[in-house]
There are 2 protein chains.
Amino acid sequence: MINDNKAYAQREKYYMQGQMFPDVRVGMIKVNLTPTVTRDEDGKTHMQPNAPVLIYDTSGPYSDPDYKVDLKKGLPHMRAKWIADRAKKGQGITQLACAKAGIITPEMEYVAIRENMNCEALGIHSHITPEYVRQEVARGRAVIPANINHPESEPMIIGRNFAVKINTNIGNSATSSSIDEEVDKAVWSCKWGGDTLMDLSTGNNISETREWILRNCPVPVGTVPIYQALEKVDGKVEDLSWEVYRDTLIEQCEQGVDYFTIHAGIRRHNVHLADSRLCGIVSRGGSIMSKWCLLHDKESFLYEHFDDICDIVAKYDVALSLGDGLRPGCTADANDAAQFAELDTMGELVTRAWNKNVQAFIEGPGHVPMHKIRENMERQLEKCHEAPFYTLGPIVTDIAPGYDHITSAIGGAQIAWLGTAMLCYVTPKEHLALPNKDDVRAGIITYKIAAHAADLAKGHPGATIRDDALSKARFEFRWRDQFHLSLDPELALQYFTEAGHTDGEYCTMCGPNFCAAKLTHDLRRIKH
Amino acid sequence: MINDNKAYAQREKYYMQGQMFPDVRVGMIKVNLTPTVTRDEDGKTHMQPNAPVLIYDTSGPYSDPDYKVDLKKGLPHMRAKWIADRAKKGQGITQLACAKAGIITPEMEYVAIRENMNCEALGIHSHITPEYVRQEVARGRAVIPANINHPESEPMIIGRNFAVKINTNIGNSATSSSIDEEVDKAVWSCKWGGDTLMDLSTGNNISETREWILRNCPVPVGTVPIYQALEKVDGKVEDLSWEVYRDTLIEQCEQGVDYFTIHAGIRRHNVHLADSRLCGIVSRGGSIMSKWCLLHDKESFLYEHFDDICDIVAKYDVALSLGDGLRPGCTADANDAAQFAELDTMGELVTRAWNKNVQAFIEGPGHVPMHKIRENMERQLEKCHEAPFYTLGPIVTDIAPGYDHITSAIGGAQIAWLGTAMLCYVTPKEHLALPNKDDVRAGIITYKIAAHAADLAKGHPGATIRDDALSKARFEFRWRDQFHLSLDPELALQYFTEAGHTDGEYCTMCGPNFCAAKLTHDLRRIKH
C-alpha cells in the first residue's frame with residue numbers, strides 16, 4: 001500500500017537480524033542507488049557503484065510488499081513472545097525494571113540496531129549498543145514505550161542520546177471526523193515518518209476508534225485519558241473523580257495504549273499563577289484540571305493519586321508523559337512562573353514514577369521566542385533529573401496562523417539540538433482547524449526536518465550519510481537517486497516532472513548555460 | 001489591487017510624516033481591531049477598545065486604494081526631489097558619503113520612521129533615530145540601497161541593528177517564463193513582504209524585463225550583472241572580459257538597479273580549494289568566474305578592476321553585494337577552506353568599497369548544519385568589519401528537496417538572530433524547478449517568519465506588539481482580528497472557513513467542550 005508508486009521504485013523493505021535475540025528482525029528501507037557515470041578525456045564511460053543507504057522506517061509491515069494488509073485482522077503480534085517470556089520469569093515487566101535488574105530485553109537490542117543501521121556497513125563507530133540502551137533506560141534518561149497489550153508495535157526509543165523522534169496527533173472532535181478517517185490517518189502518519197502517534201479523540205466512539213488504531217498501528221500510541229473521563233461525565237468538569245479516571249486508565253491500559261499524558265503537575269496553589277497571562281491556559285487537560293481544582297477548592301486527584309496511577313501503569317508497562325498543563329499559549333507568556341512551577345512539580349513526580357519502575361518523560365512548550373528556548377531545556381534537565389523532554393514545537397512567533405508547522409519547526413530544531421528527545425508535530429492548521437491528510441503529511445515532513453537537523457548538529461552516529469548521499473546524487477545529476485533518498489520522494493518527483501524535466505544535466509532553475517553544477521564538472525576537467 | 005479581498009477589510013493604508021523632512025511620507029498598513037467584549041456576573045456586556053497596530057508595508061502604492069495602477073506609466077518618483085537636491089549641493093551623492101559628512105538624508109529619516117512605527121504611540125523607547133541611522137550607515141554597518149535612477153523605490157535599511165529584511169529572487173531562465181510573468185511576480189513579491197527583489201533573469205530580453213520591473217517596483221532591485229555579460233558573449237565563459245562587464249554595469253546603473261551581486265571574492269589561487277568538495281561550486285556567478293580564471297590562468301577581472309567598479313557604482317549610489325561564489329552547496333562542504341578564503345578576500349574588498357564611498361554588504365551561505373552556523377556569523381563580523389551579512393538560508397539538512405523553504409528558514413532564523421541583516425528567501429521549488437507564484441508566496445511568508453522570529457529574539461523595538469495583539473485576539477475569539485494581524489490573512493481565513501467555522505467561541509480543533517481558551521475564561525469567573 002506504500003510501495004505502489006514509481007517514486008519508490010528504488011526503495012525496498014529490508015530486515016536486519018538481532019545477534020543476542022535471533023527473532024529480533026528490524027524493518028528498514030534500503031535505498032538502491034545507480035552508479036556514478038563519468039567520461040574521461042577520450043570520451044570513455046566509467047561506472048562507479050554507489051552503496052545503498054538504509055533509512056529508518058516507521059511504517060512497519062505496511063511497507064513490506066509481502067505483507068497483506070487486513071485492517072480487520074490487525075497487524076502481526078511481533079512482540080508477543082518477548083512479552084510472554086518476561087511474564088513467565090516473574091520479574092518486573094517494565095523495560096525500566098528489567099534495565100535496573102541488568103537485563104537487556106529484545107526491545108533494547110531492537111532499538112540499538114534501529115538507531116545504528118548504517119554504521120556497521122560504513123565502519124562508523126557508534127556508542128549505541130544494547131547495553132548502552134539498557135543503561136540509558138535504567139537511568140531514566142530514555143524510554144521505550146511498549147504496553148504489553150500492544151504487541152503490534154515496533155520498539156523505538158526516546159532519549160536525548162538517541163535520534164530525535166517525532167510524535168503526530170490525530171483524533172476526531174465532537175464536530176468532525178470518523179473512525180475510518182482516523183485509522184487511515186494513523187497509517188498515513190506511519191508512512192510519512194511519525195515515530196509515535198497520539199490519539200486525541202474526543203466526542204463519540206472514543207474507545208472503538210482507539211481499538212481500531214491500536215490493532216493497526218506499528219508505532220507506540222499515546223492518549224490523554226482525561227478526555228475520555230470527561231466524556232463519561234458528560235463534559236461536566238465538576239463531576240470528574242479519581243474513580244472515573246482510574247477506570248478509564250485501566251480500560252486504556254488493557255487496550256494497549258503505550259503512554260498516557262497525565263496533567264498531574266498542576267497543583268491547587270499554582271493555578272492562580274496563570275491569571276496574569278495574556279492567553280491563560282491553552283492545554284485542554286490543563287484547563288480541565290485547573291477548573292476542577294478551583295470548583296472543588298482541592299488538590300487535583302491526579303496529583304493526590306499519582307502513586308496509584310503508577311501502580312496501575314506499571315502492570316502494563318505504560319509510560320507516563322507528564323503533561324504540561326500550564327505551558328505558555330503565546331510567546332508573551334513563555335518561561336513564566338506558572339510554567340516553571342509546574343516543571344518543579346514534574347521533577348518530583350518523575351522520581352516517584354521511577355521508584356515504581358514506571359518509565360516517564362516530560363512534556364514541554366509550546367510558544368517560546370528563540371532567546372528563551374535554552375532556559376527551558378537547561379531547567380528541564382536540572383529539575384527533572386534528565387528524564388526525556390518532549391516538546392510541542394516551540395512556536396517562535398505568533399504572527400503566522402496557517403504556517404505554524406514552520407514557526408514551530410524553527411523552535412523545535414533548536415530545542416532538539418539542545419537535548420529535547422521527541423518533538424510533537426504541529427500542522428499548518430494549528431489554531432484554525434483539524435488537520436486533513438495533506439496537513440498531516442506537511443506537519444510530519446516539517447518535523448522530520450527539524451529532528452534530523454538536530455541529529456546532524458548533535459552528531460548522531462551516521463546521521464550525515466543520507467545527506468551526503470543525496471548531495472552527491474544531486475551534484476551528479478542522478479535525479480532519481482536524489483528523490484529516492486529524500487523525505488518526500490513523491491513531492492520532489494512531482495515538482496520535477498511538472499516543470500517538464502527529463503533527467504538531463506540541468507534543470508529549469510538555471511537552464512543549461514547557467515548551471516553551476518554543470519560548470520563545476522567542466523572545471524574539474526580543466527587542468528589547474 | 002491588493003485590498004480587493006475581504007481578508008483585508010480591517011486593514012487600511014496609512015502614512016506617517018517626517019519631522020525633519022515634511023515631504024517624507026512613510027507608507028504603512030494600519031490594522032483596525034474590534035473591541036474586547038466581556039460579560040460581567042449580571043450578564044451585562046462591556047466593551048474595551050483595542051488600539052490599532054501598524055504593520056511594515058513593502059507593497060508601496062499598490063496597497064493604496066487612491067493609487068491607480070498603470071504598469072506602462074510606472075510608479076511615482078517619490079525620491080526624485082531628494083536626489084536632485086543632493087546633486088545640486090555637489091556633495092558625494094551616496095548615502096555613505098552623506099553619512100560620513102554628517103548629513104542626515106531624507107532616506108535616513110524615512111527608514112528611522114519605518115523601523116519604529118508602533119513605538120511612539122505605545123511609548124516604547126527606540127534607539128533608532130535619524131541620527132542613529134546616519135551613524136550606522138557611516139560606519140558601514142548598515143546600507144540603504146537606493147540608486148539615483150530608481151526614484152520609485154521606498155527607502156529601507158539593511159543592518160543588524162535594524163529589523164531583519166528578506167530578499168526574494170525572481171527572473172526567467174532560457175527555458176521558461178515571460179516578461180509579464182516576471183513583472184507580475186515582482187508586484188506579488190512586494191505584496192507579501194519582500195523587502196528587496198533580485199532579478200536573476202538569464203536568457204532572452206534581460207534588459208527589457210529589468211526595465212519593466214524597475215519602473216514598477218517600490219523596493220530596491222538587485223541583479224547579478226555577470227549573467228547579462230555572459231549572454232552578450234553568447235554563453236562563452238572564455239570570451240568574458242572587463243570591457244563587456246563594465247559596459248553591462250553602466251547600462252544597469254543607468255536603468256536604476258539598486259545593488260549588484262559581484263563575485264569579486266574569487267581569487268585565481270583559491271579556485272582549487274573547491275576541488276575536494278562533495279558538491280563543488282554551486283553559485284552560478286562563482287562557477288563562471290572560476291572557470292574564467294582557469295581558462296585564462298589569470299586573476300579574475302572582477303578582483304583586478306574592483307576599484308574601477310566602485311568608481312562606476314559610486315556615481316549612482318548602487319550598493320555592492322559581495323557574492324559568495326564559493327559558498328557550500330551541501331552541509332558536507334560547510335565552513336571549508338574555499339568558503340573562508342573567499343570571506344577573507346571580501347573583508348579586503350569591503351574596505352576598498354568604503355574608501356570609495358560605496359555601500360556594501362556580504363553574501364553568505366547556503367548549506368550549513370546548525371552547529372556550524374555560529375562560526376559563520378562570528379567570522380563574518382570579524383573579517384568583514386561588521387558590514388551587513390546577507391545569507392541564503394542556510395539550509396540545515398539536505399534530505400528534503402521540495403521543502404527547502406523550511407530547511408533554510410530553520411537556519412535563517414538562527415543566523416539572523418546572531419546578526420545577519422538580510423535573508424535571501426528560498427522557495428519550495430529550490431533544487432527542482434523555477435518557482436511559480438504560489439512558491440513565491442510560500443517562500444516569502446516562511447522567510448518573514450524567520451526574520452520576525454529573529455527580531456523578537458534580538459529585541460527589536462516594538463517587535464512583540466504584533467505577536468501580542470494577535471495572541472490577545474486569539475484568546476478572546478476575535479477571529480477576524482487575529483487573521484488581519486497575521487502574515488497571510490487570506491490563508492488563515494481560508495483554512496478557518498473551509499472547516500465550516502463561524503465566529504463562535506471555539507473551533508473544530510477541540511470542539512466546544514474541550515476548548516482550553518473557553519475553559520480559561522470560565523476559570524477567571526470562578527473566585528480563586
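A note on names: the letters A, B, ... follow the listed sequences, proteins ahead of strands, and every chain is numbered from 1.
- Looking at heavy atoms from C-beta onward, B/Leu294 lies in side-chain contact with A/Leu523 at the 4.5 angstrom threshold.
- Proximity to chain B involves both the backbone and the side chain of A/Pro428, based on heavy atoms less than 4.5 angstrom apart.
- Neither the backbone nor the side chain of A/Asn169 comes within contact range of chain B; no heavy atom of the residue lies under 4.5 Å from a heavy atom of that chain.
- Here the straight-line distance linking atom OG1 of B/Thr331 with atom CG of A/Asp468 works out to 6.0 Å at 0.5 Å rounding.
- B/Tyr403 has its side chain out of reach of A/Lys448: every pair of non-hydrogen atoms, C-beta onward, lies at least 4.5 Å apart.
- Of the two parts of A/His521, neither the backbone nor the side chain holds a non-hydrogen atom closer than 4.5 Å to a non-hydrogen atom of chain B.
- Residues A/Pro401 and B/Leu470 meet the side-chain proximity criterion, which asks for heavy atoms closer than 4.5 Å.
- Taking 4.5 Å as the limit, every side-chain heavy atom of A/Tyr447 sits out of range of all side-chain heavy atoms of B/Ile406.
- In this structure, NZ on B/Lys458 lies 9.5 Å from CE on A/Met370, to the nearest 0.5 angstrom.
- Only the backbone of A/Ala517 has a heavy atom closer than 4.5 Å to any heavy atom of chain B.
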Might you work through the side-chain contact (heavy atoms from CB on, under 4.5 Å) test for A/Thr397 and B/Ile449, ending with a clear yes or no? CA-CA 7 Å; A/Thr397 168; B/Ile449 289 168; 4.0 Å; yes
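- Contact tally against chain B (heavy-atom pairs below 4.5 Å) for A/Asp439, A/Asp455, A/Val396, A/Val237: the top residue is A/Val396.
- With rounding to the nearest 0.5 Å, the separation of CH2 in A/Trp417 from CD1 in B/Ile373 is 6.5 Å.
- Contacts with chain A were tallied for B/Asp467, B/Asn436, B/Leu487; B/Asp467 has the most, counting heavy-atom pairs under 4.5 Å.
- By the 4.5 Å heavy-atom criterion applied to side chains, B/Leu432 and A/Phe483 are counted as neighbours.
- Of the atoms belonging to A/Asp522, it is side-chain heavy atoms, and not backbone ones, that fall under 4.5 Å from chain B.
- For A/Ala469, no part sits under 4.5 Å from any heavy atom of chain B, backbone or side chain.
- Although no hydrogens or angles enter the test, the distance criterion places a donor-acceptor pair under 3.5 Å between the side chain of A/Arg524 and the main chain of B/Asp275.
- Between the CG atom in A/Leu278 and the OG1 atom in B/Thr464 there is a gap of 10.0 Å [rounded to 0.5 Å].
- Listed options B/Leu295, B/Thr407, B/Leu200, B/Ile445 were ranked by heavy-atom pairs under 4.5 angstrom with chain A; first place goes to B/Ile445.
- Residue with the most contacts toward chain A among B/Gly286, B/Cys279, B/Ala463: B/Cys279 (heavy-atom pairs, distance under 4.5 Å).
- Across all their heavy atoms, A/Ala450 and B/Ile410 have their closest contact at CA-CD1, 4.2 Å.
- If you measure heavy-atom distances from B/Ala453 to chain A, the contacts under 4.5 Å come from both the backbone and the side chain.
- When each of A/Asp398, A/Asp333, A/Thr446 is checked for heavy-atom pairs under 4.5 Å with chain B, A/Asp398 comes out on top.
- Among the candidates A/Lys472, A/His452, A/His405, the residue making the largest number of heavy-atom pairs closer than 4.5 Å to chain B is A/His452.
- With a 4.5 Å cut-off on non-hydrogen atoms, A/Tyr227 touches chain B through its backbone and its side chain both.
- Nearest heavy atom pair, residue B/Ser287 against residue A/Leu519, reads OG-CD1, 3.1 Å.
- Counting heavy atoms from C-beta on, the side chains of B/Leu485 and A/Ile399 never come closer than 4.5 Å.
- Of all the listed residues (B/Pro489, B/Gly285, B/Gly412, B/Ala492), the one sharing the greatest number of non-hydrogen pairs under 4.5 Å with chain A is B/Ala492.
- Heavy atoms closer than 4.5 Å to chain A are found in both the backbone and the side chain of B/Ile281.
- B/Ser471 contributes atom OG, which lies 8.5 Å from atom NE2 of A/His431 (distance to the nearest 0.5 angstrom).
- Looking at B/Ala274, the atoms closer than 4.5 Å to chain A (heavy atoms on both sides) all sit in the backbone: N, CA, C or O.
- Rounding to the nearest 0.5 angstrom, the gap separating the OG1 atom in B/Thr427 from the OH atom in A/Tyr495 is 8.5 Å.
- Pairing each heavy atom of A/Leu491 with each of B/Gly402, the nearest pair is CD2-O, 3.8 Å.
- Contact of A/Arg474 with chain B is made through the side chain alone, with heavy-atom distances under 4.5 Å.
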